[in-house]
Amino acid sequence: MSHVVRIEYCTQCRWLPRAAWLAQELLTTFETELSELALKPGTGGVFVVSVDDEVVWDRREQGFPEPTAVKQAVRDRVAPGKSLGHSEKSAT
């Protein structure tokens, strides 16, 4: 099954570079698991990552994500058995 990831970012805060970089990281890591990755402009300090319309990271609740944390959250939904290699911290 192919999955859709959406990164909604705040244009007022100029977070497009951060969103684009995170998108590149996710597309590189999950190139066969994702069918689409969308960047959605927003306002009001939004920075939300969702997989198949399920929010996996919200800056308002969790702060700005480390790339590894987002990769783990996405991996848990799109490829639970996939290793993230050297970027993955010890299992919790």
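Keep in mind that what you see is a predicted model, and the values were worked out from it rather than measured.
- Contact record, L37 with A23: CD2-CB, 3.4 Å, taken as the closest heavy-atom pair.
- Here the side chain of W15 pairs no donor or acceptor atom with the backbone of E8 at under 3.5 angstrom.
- Screening L22, V55, D58 against V49 for a side-chain contact (heavy atoms from CB on, under 4.5 Å) leaves a single residue, L22.
- A donor-acceptor pair is defined here as one N or O able to donate and one able to accept, closer than 3.5 Å; no such pair exists between the side chain of T43 and the backbone of C10.
- Between the SG atom in C13 and the CZ atom in R18 there is a gap of 10.0 Å [rounded to 0.5 Å].
- The cluster map of Ile, Leu, Val, Met, Phe, Trp and Tyr, joined by side-chain heavy atoms under 4.5 Å apart, puts V74 and F64 in the same cluster.
- By the rule that hydrophobic residues join a cluster once side-chain heavy atoms approach within less than 4.5 Å of another member, W21 and L27 end up as members of separate clusters.
- Connection of L84 to V78 is established within a shared hydrophobic cluster, with ILVMFWY side chains joined at heavy-atom distances below 4.5 Å, either directly or through further cluster members.
- Of the candidates V70, L39, V51, V51 is the only one forming a side-chain contact (heavy atoms from CB on, under 4.5 Å) with V5.
- Considering all non-hydrogen atoms of both residues, G63 and W57 come closest at O-NE1, 2.8 Å.
- The minimum heavy-atom distance linking T29 with E25 is given by the pair OG1-O, 2.9 Å.
- We find the CD-CG distance between E33 and L26 to be 11.0 Å, quoted to the nearest 0.5 Å.
- Under the 4.5 Å side-chain criterion, counting only non-hydrogen atoms from C-beta, E54 is in contact with R77.
- Within a 6.0 Å sphere centred on CZ of R60, heavy atoms belonging to other residues, nucleotides or ligands number more than 12.
- Without hydrogens or angle criteria, Q12 side chain to G44 main chain gives a donor-acceptor distance under 3.5 Å.
- Side-chain atoms of R6 and D53, non-hydrogen and from C-beta on, do get closer than 4.5 Å to each other.
- With hydrogens and angles ignored, the 3.5 Å screen pairs no side-chain donor or acceptor of K82 with any backbone N or O of F30.
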